[in-house]
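Order of the sequence lines fixes the chain letters, A, B, ..., with proteins taken first and strands second; residue numbering starts at 1 for each chain.
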Amino acid sequence: MKTVGIVCFRNDLRLADNLALAAAVQDCDFVLPIFIWEAKDSWAEGGASRWWLHHSLCEFSRSLKELGAKLIIAKGNFKSTLLPLTSELKATRVYWNRRYDPFGRREDAEAEKALQATGVLVKSFNSSLLHEPHLVLTKSGGPFKVFTPFWNNCSTRIDIEDIKRPPRSITPPEAAIASLSVGDLALEPKIDWASGIRAVWSPGEKGASEQLEVFIDEMLEHYQYGRDIPSTDQVSRLSPHLHFGEIGPRQVWLAINKACVGASKSSELRKSADIYLKEIGWREFAHHVLFHFSDTADTPLHAKFKSFPWRKDDMQLKAWQKGQTGYPIVDAGMRQLWQTGWMHNRVRMIVASFLTKHLLISWHEGSRWFWDTLVDADLANNTLGWQWASGCGADAAPYFRIFNPELQGEKFDPDGTYVRRWCPELNKLPSKWIHKPWKAPKDVLESAGVELAVNYPEPLVDHAFARVRALAALDSIKSRD
DNA sequence: TGAAATGTTGGGGCG
DNA sequence: ACGCCCCAACATTTC
């Protein structure tokens with residue numbers, strides 16, 4: 001009797017280092033790859049993510065075809081799509097890589113139970129994290145809530161020797177299985193707003209590995225300094241590829257360490273590599289925190305923040321979203337996000353601090369906006385980042401840490417290259433004033449063609465005022481746990 | 001993975 | 001020569 005297996009793909013759209021796929025190909029005579037587009041109650045993929053997913057699925061489907069298989073596309077509930085398919089195919093095995101987000105865990109658990117009840121063997125694997133979240137615990141048995149001890153605990157026991165290579169070929173079942181096309185999922189925007197995104201990204205496994213290679217060859221050595229200069233993009237830009245599983249953290253880990261072979265511990269390359277791997281560690285940490293505290297996407301980890309006096313101000317929220325706050329570094333970041341689906345991490349921290357501390361608008365508004373506009377929107381990373389920046393989450397920045405957007409701009413974009421790129425109306429301002437046009441002398445503004453409140457806004461709030469207001473608001477919830 | 005306020009120090013101008 | 005003051009420059013603390 002020949003064995004038929006089904007491999008379910010989700011955010012693991014790659015052939016290499018894909019444990020579920022590798023096991024299915026090894027165990028089964030016939031393998032059916034399927035992608036099920038599930039309807040989600042909340043946190044359904046945003047516009048930019050959907051654009052990415054469309055193209056990633058097209059790429060993945062193409063590369064499966066080269067191995068002889070056809071990616072089946074279906075739409076619906078995970079369990080109730082899978083169950084009839086197993087009986088139709090007489091499949092006795094189902095494979096997938098485990099999900100660790102609340103929705104995914106729930107759906108997978110239900111499907112596993114139902115499949116097992118019908119005698120189907122379910123085999124699941126970890127292809128998206130370096131560790132199983134339930135295996136990284138403090139001495140007292142609880143999850144870590146602070147990054148450094150977390151990373152000290154688990155970065156030292158990562159031992160990756162080799163990764164699974166892509167299968168040479170896949171033999172599909174003989175029966176013809178109905179499938180939608182990728183286009184039928186209607187993931188692409190109806191009006192084409194994605195040109196700016198298209199120009200800078202290549203979704204898919206090939207794009208991911210090329211990006212990793214470029215990062216290692218051209219940027220890794222000076223990453224420790226370059227990573228903070230947003231005009232240079234000396235960063236990996238792997239986040240969307242990692243989110244959709246076009247590359248996995250094990251592959252990144254191995255490649256970075258291979259690039260350091262022969263480099264001494266104190267070399268700049270090795271130092272930079274460790275700082276970069278620590279960012280992979282933050283990704284890991286975020287996923288573990290969401291695993292252990294599964295309501296944090298909607299609820300602050302620190303309970304006292306439930307009573308924080310957030311302001312509701314749609315005008316100011318819109319100004320922030322559109323990059324019209326009057327603080328150039330903030331506006332540049334928000335426009336980069338809108339136009340390219342991505343923002344440099346240094347600038348993410350600045351704009352998040354600005355929304356939650358200067359405007360006192362809830363981190364929920366920020367995480368929702370990022371969710372819709374980022375190509376790398378990831379529930380775990382997005383949640384941790386916003387809770388961290390606003391002070392209510394794991395390893396939160398102390399509440400008094402309020403970024404001064406003027407100083408941050410001058411420190412990390414000293415000649416204003418980043419601001420000039422995304423706020424062209426400020427292009428002619430001298431560097432001295434590029435991060436504080438409201439302070440510039442009249443004649444300087446005039447000769448640069450900048451008219452405050454006409455072609456570039458006045459600051460939405462005064463920094464000194466906003467700082468005092470934020471401190472007072474934070475003081476009002478002090479020790480109210 | 002801050003910034004502002006406050007404290008300390010030491011060189012130089014000046015009577 | 002000496003003390004006094006000013007104020008960068010740097011360090012510490014506070015928010």
Side-chain angles (χ1 to χ4, degrees), chain A residues 144-152 155 219 222-237 239 271-286 289 301-302 304-305 308-309 327-330 333 342-360 363 366-367 370 376 380-414 418 435-436 439 459 461-480:
Chain A
F144 286 93
K145 291 181 185 174
V146 180
F147 175 73
T148 304
F150 168 84
W151 196 231
N152 288 341
S155 67
M219 302 167 206
H222 303 297
Y223 177 78
Q224 58 173 317
Y225 308 111
R227 70 193 198 120
D228 265 331
I229 309 298
S231 62
T232 61
D233 278 354
Q234 282 191 68
V235 290
S236 75
R237 291 174 65 89
S239 51
K271 273 195 220 161
S272 280
D274 286 337
I275 291 171
Y276 177 68
L277 292 177
K278 201 158 89 177
E279 298 300 322
I280 298 295
W282 274 98
R283 171 186 182 275
E284 186 82 7
F285 182 53
V289 169
L301 184 67
H302 294 302
K304 63 182 175 187
F305 271 84
F308 189 89
Y327 285 94
I329 191 74
V330 174
W342 184 85
M343 195 194 306
H344 189 283
N345 187 54
R346 164 58 53 185
V347 190
R348 292 191 197 197
M349 294 190 283
I350 300 172
V351 303
S353 173
F354 188 83
L355 182 76
T356 57
K357 294 177 179 174
H358 286 75
L359 301 184
L360 283 185
W363 64 277
S367 70
F370 272 29
D376 64 33
N381 293 335
N382 200 41
T383 298
L384 186 105
W386 276 98
Q387 290 210 10
W388 179 88
S390 66
C392 69
D395 206 359
Y399 71 85
F400 47 78
R401 192 178 286 159
I402 297 167
F403 285 62
N404 179 331
E406 179 187 329
L407 297 183
Q408 286 281 316
E410 286 172 350
K411 194 166 170 189
F412 298 112
D413 186 34
Y418 181 74
H435 292 292
K436 46 186 178 213
K439 289 182 181 171
V461 286
D462 171 69
H463 168 69
F465 161 80
R467 182 170 185 275
V468 170
R469 183 176 64 173
L471 289 172
L474 288 153
D475 196 54
S476 76
I477 58 158
K478 211 156 94 185
S479 69
R480 231 195 260 172

Side-chain donor/acceptor of [X] to backbone N/O of [Y], under 3.5 Å:
| X | Y | answer |
| --- | --- | --- |
| A:Ser353 | A:Met349 | no |
| A:His344 | A:Arg346 | yes |
| A:Gln387 | A:Leu301 | yes |

Contact boundaries of DNA chain B with chain A (under 4.0 Å, heavy atoms), 5' to 3'? B:dT1 to B:dA4

Sugar-phosphate only, base, or nothing, as touched by A:Leu407 at under 4.0 Å among non-hydrogen atoms: sugar-phosphate

Length of the CG-C1' vector between A:Asn404 and C:dC15, whole Å: 14 Å

Do any of residues 271-280 of chain A sit with a heavy atom less than 4.0 Å from DNA chain B, and if so which? A:Glu279

Considering only residues two or more places apart or on different chains, which pairs with a residue in residues 384-395 of chain A satisfy salt bridge (Lys or Arg N to Asp or Glu O under 4.0 Å)? none

Using the six-membered ring wherever Trp is involved, compare the ring planes of A:Phe147 and A:Phe150 and label them parallel, tilted or perpendicular (cut-offs 30° and 60°). tilted

Under 30°, 30 to 60°, or over 60°: which ring-plane class applies to A:His358 and A:Phe354, parallel, tilted or perpendicular? parallel

Using side-chain heavy atoms (C-beta onward) and a distance below 4.5 Å, is A:Trp386 in contact with A:Thr356? yes

Rounded to the nearest 0.5 Å, what separation is found between the SG atom of A:Cys392 and the CD1 atom of A:Ile477? 8.5 Å

